[in-house]
Every structure is written in C-alpha cells, then in structure tokens.
Amino acid sequence: MRTRVRGWRWRRSPLRRRSDVVEAWTVLAVAVLLLVGAPLAGAAAAWWAQGEARATAAEQRAERHRVRAEVVGGDSGTPPSMQADGRHAYRAAVRWTEPGGAERTAVARVPAGTRQGDVVDVWFDSRGRGVPPPVDGSAVWQHTVTVGVCVAVGATAVVLLGHAAVRRVALSRRLAEWEREWARTEPRWSHRRA
C-alpha cells in the first residue's frame, strides 16, 4: 500500500533535493496561472475584441444603406455565396426608386429562391456596390466569445507546455544528481575502487 505525504516538497528533509523545491514552486505557479491568469487573459482579449467588433459594426452601419428593391433579373452564372446568417445568396439585377424619384438598377445579393418580381431588402455601400448587411449584435457577441475562449485555451496550453518543460528539465537534473550520488556511494557498498 502506497502512502502519499502531501506537501513533502515544502518541508525540510535531508532527502529533499533542489529539483523538488523547483518543481513544487512550479506547480504552485501553474495553479495560479491556470486559475487566474488564463481566465484574465481570455477576458481581456474578449473585451478588446468586443470593442473592435463594435467599431467595425458601427463603421459598416454608417457606410451601408438598405434599399427595398424589386428583382428584375437573375444571374444564373454566378455561384451562391454564404451570408452571415448561414443562408445562400445569389447575385441578381434589382431595381428601386430613390427618394428623389429616379429609378436605379444594380446587381446585388438576394436570398436563394428569390424569383423575378419579388421585393427584397438589399444593401449597398457608399459606392453603390451590393454588399452584405452590416454586422449585428449577435455576431459581435459571437466574435467576442470566440476570441476570449481561444485566448484562454491558448494561455492554458502555453502554461501546461511550460510546466511540462520544467518537469522534464527537473527530471533530467534529478537523474543526474542520483547518478553523481551513486558514483560516490557505490564503491562503499560494492567494495570496488572507482
């Protein structure tokens, strides 16, 4: 039956080696970094990502405008593209009336299954090009959470890899210490001369 003595690396003992002390401090540092450092890094990255995503969304809302337009023709030669909400969109010719009364026609993204004569909402940028709708609040939060989780997981991986490296070095030093001690002790036990 094996008995574990907790905290033996912290106590004074003639059997305690320097590598044991280093390993004990490393375990403490790893625990603090995993319980405090990684979540804080994830939260800080998420906070930064949310600010950037909100700024991008505000910029897109200022630059893009929505128009209710009638589909006047389809462009069957273009492959569908994926919209932000996961639906496929095709490019089609649309026509709308501007506030001044002038009619305009352009090619814009329309949802899959849209037929000629259907009225759809399309988005244009300041140059008149068809663009996807601006990023909404749920996309900002999705980006925020994704960045935060990825940074927290990355910080955890770095801490654990660092801990593994320190343990490997401590083990190699411990084995070297044992080898030196055995080289001094073995001649007395075996009665051989070195």
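- Contact of the R188 side chain with the T185 side chain is registered, since non-hydrogen atoms from C-beta on lie closer than 4.5 Å.
- By the 6.0 Å contact criterion, CD on E59 is open, its count of non-hydrogen atoms from other residues, nucleotides or ligands being 12 or less.
- Here the side chains of E23 and R174 are in contact, with some heavy-atom distance below 4.5 Å.
- Residues R109 and V122 form no side-chain contact, since every pair of their non-hydrogen atoms from C-beta on lies 4.5 Å or further apart.
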ask   = Step by step, would you call V71 with V119 a side-chain contact (heavy atoms from CB on, under 4.5 Å)?
value = CA-CA 6 Å; V71 177; V119 177; over 6 Å; no
query = Do V110 and R91 pass the side-chain contact (heavy atoms from CB on, under 4.5 Å) test, and can you show the C-alpha distance, the side-chain angles, and the key distance before you say yes or no?
reply = CA-CA 6 Å; V110 296; R91 296 185 82 61; over 6 Å; no
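- Nearest heavy atom pair, residue A92 against residue G73, reads CB-O, 3.1 Å.
- The two residues V135 and R61 come nearest to each other via the heavy atoms O-NH1, 3.9 Å.
- A heavy-atom distance below 4.5 Å is found between the side chains of P134 and W123.
- Residues V72 and V94 fail the side-chain proximity criterion, which asks for heavy atoms closer than 4.5 Å.
- Taking each heavy atom of H65 and D125 in turn, the nearest pair found is CE1-O, 3.6 Å.
- In the displayed structure, E52 atom CD is contacted under 6.0 Å by more than 12 heavy atoms of other residues, nucleotides or ligands.
- With sequence neighbours excluded, the residues satisfying salt bridge (Lys or Arg N to Asp or Glu O under 4.0 Å) with R68 are D121.
- V166 and V159 fall into different hydrophobic clusters, where Ile, Leu, Val, Met, Phe, Trp and Tyr side chains are chained together by heavy-atom contacts under 4.5 Å.
- Hydrophobic side-chain contacts under 4.5 Å tie W47 to no other Ile, Leu, Val, Met, Phe, Trp or Tyr residue.
- With contacts defined as side-chain heavy-atom distances shorter than 4.5 Å, the pair V67/F124 qualifies.
- Legend: residues meeting salt bridge (Lys or Arg N to Asp or Glu O under 4.0 Å) with R104, ordered by chain and number and at least two apart, are E98.
- Scanning both residues, A45 and V147, for their nearest heavy atoms gives O-CG1, 3.8 Å.
- With rounding to the nearest 0.5 Å, the separation of OG1 in T156 from CG in L33 is 9.5 Å.
- D118 and G113 get closest at one heavy-atom pair: OD2-O, 4.5 Å.
- For W182, the CH2 atom sits in a packed shell: over 12 heavy atoms of surrounding residues, nucleotides or ligands are nearer than 6.0 Å.
- The shortest distance between side-chain heavy atoms of P133 and R66 does not fall below 4.5 Å.
- Contact annotation: the side chain of R167 never approaches that of T26 to less than 4.5 Å [non-hydrogen atoms, C-beta and beyond].
- Scanning all heavy atoms of the two residues, the minimum distance from H143 to A53 falls at CD2-CB, 3.8 Å.
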